[in-house]
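Here is the structure we will look at.
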Amino acid sequence: MSIMRHEVSSLLRHRSMSGLEWRQLLLLWIPLAWLLYFMMLAVLTAIYTAVRKRSARKLTEEEVNEGDDAAVKRAHSRRFSTVPMGDDEEDTTRQETVQSGYQTWFFGLFLYCLWILVPILSQVQLAWLTCEQYFGFGWDATAKQFILIYVISHVLLFLATKFSGQVKTFFLQPSPLAEATHIAIFPRDKTKGLAKLEVVRVRHFEEDAGSPVEGRYYEHTCVRYLWCEDARRFRPSGLTAPTGEEAYQALDRGGLDEKIALARLAKQGSNTIKVKVKGILASLMAEYSEPTYVFQMMCIWCYLFWNSWNVAFLWVLLVFGSGAWTSLMILRRNQQQIAEMAAAGATRTQKVLRSGQWMDVKVTDLTVGDVVQVCDGIVCADIVLVSGSAVVNESMLTGEPMPLQKVGIEQNSKLAFDYKRQGKKHGLFAGTEILQSVADEAANASRGSTFAVGVVMAIGGRTTKGKLIRMVLYPATVKFKYTEQLPIVYSFMTLWAMICFVNTLLFQGQGWVNGCFAGMAFLTQAVNPMMAVSFTLGQSCSAGRLSEGGIACLNIGRPELGPSAAICSCGSKLNDGRGYAGFGPCFHLPGQAILVPVF
């Protein structure tokens, strides 16, 4: 430190310094600047953590000291069951999760910006030091500073990507669910970790122009969750289970009132499956925000600074080129195909009974409780048949081409509609095809319908088609055998690299600076950073071969598992789940298909 102070003072004696001298001064001040910056960050983070813990403790004490009703109103976290993805409807698949409330906070946002500057500035400084090593001061003057920034930046990046769930909520202030601006959703099972934690923004109906209702909601996995004042939590909307009596009463009173229907539509959302396709920049950020890329960046910077720029540039092309190809040309394109599949038929109209009159309504404006005519064609929502009968092609659900006949639900039934018990006989599901619709003249004469009549019981992402789309978009986590065994292999190889590193420091006499770069080189050769790239390229080739047969794959790591089923753009399964060949049964020409695992 005294030597650095002497050199800095000698430079400052000159009133006018050249560009070379300014660069030398900046190079000398880098360690002290980082030390001061991290001291400031440490103090601010400690203050922020203490204030945040005090706020969380205050919420907990209020829940304990106040009465039950008051505690519920001020609750910060509430348990709830997520909506099944559609792959299995058993109660065991209704994974119990936790909703936690958070609010934006100026202090947290300010501290977040300060921490974000660390990896950004460090990468800029690494590039500058590398240029100085090649064209300026040389190895001896820049190596120590490079190692300091190299370690700081990549350790921070690794922790941020590895514990991304905690990072998402650390800079938000805990708050009651009733006052939250953001909701954190994560599994209650701690063995699953917090890596799946997702933070969604809470919206107000007042923000939507012309909305006739008030309240709060958020959208997650294509489903809208509404704030329930009685339960003091957000609950999924877009689904109801009417009894036979309720379905017939809806028909007898002439359907929904127009004002009630519009209010319900504004509250529960439109009858669309909203598939969010990320932009180009967001897709790249999602791809590169993995710990694997942090290790690859470490290897690239090490070889680039250590006079192996040709190897480093080749790795840059391979690593980031394969990542960009996977995220943009494969995953994003397939997501766009899914979005087009979900939006198929959204421009059609449907005959709906409202305020006692039949009227043409866009299928996107259907809402739960609407009385509709069951016309020939693709079903646009999940419907319970009230009167009449229909012949339906349900190949997208069962894979069987044999049409099924559906009849109206019993009028005196007081049991809520059950998909498994009554669906095969009385339910019409979104995405299936009505081949024939026959009216019950005695029941429909007063309403003037020439087709069978049903009541809408599910819309949007809560329909059967929506469950299938969500199963594709948000599949269950699958661990491959080689993925589970790779950490063990990496551990042994890292141990071998450490042995070589210690041997270099103790017996070769190169000094600790050269020893650090030699140790990183040993680690790079023992744990090849191109292994992930080779996996990605191989899986991309497999996905490309599938695309030649009209099958798109959203998760390129799944084809080697098999068995899978292909889903046509109409929603029909194109094979029996035992292979990829063949495009039947499907009653019309198949378009693009999506690969879906069937485990």
Side-chain angles (χ1 to χ4, degrees), residues 37-80 82 96-120 156-157 159-188 190 192-207 214-221 224-229 231-235 285 289:
Y37 190 79
F38 272 103
M39 288 178 61
M40 179 191 67
L41 275 181
V43 172
L44 291 177
T45 304
I47 297 174
Y48 173 81
T49 304
V51 175
R52 191 174 182 273
K53 285 185 177 179
R54 182 180 178 183
S55 176
R57 192 183 308 115
K58 185 178 179 181
L59 280 175
T60 305
E61 291 175 354
E62 288 179 355
E63 294 179 17
V64 173
N65 296 332
E66 295 179 2
D68 293 340
D69 295 338
V72 169
K73 292 181 180 180
R74 298 290 298 175
H76 162 59
S77 300
R78 298 300 303 277
R79 299 175 186 174
F80 77 111
T82 57
E96 191 175 4
T97 55
V98 175
Q99 294 175 337
S100 298
Y102 293 90
Q103 287 181 340
T104 53
W105 194 13
F106 174 77
F107 192 4
L109 180 61
F110 175 71
L111 187 62
Y112 174 77
C113 294
L114 292 180
W115 276 107
I116 279 292
L117 287 176
V118 175
I120 295 176
L156 184 61
L157 283 175
L159 294 176
T161 54
K162 183 66 175 179
F163 303 102
S164 58
Q166 290 88 334
V167 173
K168 290 178 181 179
T169 57
F170 179 75
F171 297 101
L172 296 173
Q173 184 182 24
S175 69
L177 283 172
E179 304 171 3
T181 59
H182 293 77
I183 301 296
I185 306 170
F186 56 90
R188 182 169 172 252
K190 300 299 182 182
K192 299 181 182 300
L194 292 180
K196 296 181 181 180
L197 183 147
E198 296 187 28
V199 178
V200 294
R201 179 175 173 267
V202 177
R203 301 178 59 89
H204 293 262
F205 288 109
E206 292 79 357
E207 299 176 4
E214 298 179 356
R216 303 159 64 234
Y217 70 95
Y218 69 83
E219 294 185 354
H220 179 60
T221 62
R224 175 173 291 191
Y225 288 78
L226 301 176
W227 174 252
C228 180
E229 196 68 29
R232 307 300 293 180
R233 72 183 72 183
F234 290 89
R235 284 185 166 177
M285 291 296 294
S289 60

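Numbers here simply count residues along the sequence, with the first being 1.
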Between CG on residue Leu111 and CD1 on residue Ile47, distance to nearest 0.5 Å: 10.0 Å

Rounded distance [0.5 Å steps], OG1 in Thr181 versus CG in Leu172: 7.0 Å

Within-4.5 Å side-chain heavy-atom neighbours: Val199 and Thr169: yes

Plane angle bin for Phe171 and Tyr112 - parallel if under 30°, tilted between 30 and 60°, otherwise perpendicular: perpendicular

Closest contact, heavy atoms only, Tyr37 versus Leu114: OH-O, 2.7 Å

Non-hydrogen atoms of Trp105 and Gln173 that approach each other most closely: CE3-CB, 3.8 Å

Other residues, nucleotides, ligands: >12 heavy atoms within 6.0 Å of Met285 CE: no

Nearest atoms (heavy-atom pairs only) where His220 meets Tyr225: O-CE1, 3.8 Å

Residue pair Gly101 / Ala180: nearest heavy atoms and the distance that separates them: CA-CB, 3.6 Å

From CA spacing to verdict: side-chain contact (heavy atoms from CB on, under 4.5 Å), Thr104, Leu109: CA-CA 8 Å; Thr104 53; Leu109 180 61; over 6 Å; no

Criterion side-chain contact (heavy atoms from CB on, under 4.5 Å) on Leu177 and Arg232, from CA distance to verdict: CA-CA 7 Å; Leu177 283 172; Arg232 307 300 293 180; over 6 Å; no

Side chains of Trp227 and Glu229, donor plus acceptor under 3.5 Å: yes

Non-hydrogen side-chain atoms of Pro174 and Tyr102 separated by less than 4.5 Å: yes

Closest heavy-atom pair and its distance - Phe234, Val202: CZ-CG1, 4.1 Å

Whether Thr49 side chain and Thr45 backbone form a donor-acceptor pair below 3.5 Å: yes

Contact summary for Gln99 and Tyr218, nearest pair of heavy atoms: NE2-OH, 2.9 Å

side-chain contact (heavy atoms from CB on, under 4.5 Å) assessment of Leu226 paired with Phe205: CA-CA 10 Å; Leu226 301 176; Phe205 288 109; 3.6 Å; yes

Over 12 non-hydrogen atoms of neighbours within 6.0 angstrom of CZ in Phe110: no

Straight-line distance of Ile120 CD1 to Trp115 CH2, nearest 0.5 Å: 14.0 Å

Verdict with supporting geometry, Tyr217 and Arg203, side-chain contact (heavy atoms from CB on, under 4.5 Å): CA-CA 5 Å; Tyr217 70 95; Arg203 301 178 59 89; 3.3 Å; yes

Rounded distance [0.5 Å steps], CD in Glu198 versus OG in Ser164: 10.0 Å

Phe107 CZ to Arg52 CZ distance, which is reported to the nearest 0.5 Å: 12.0 Å

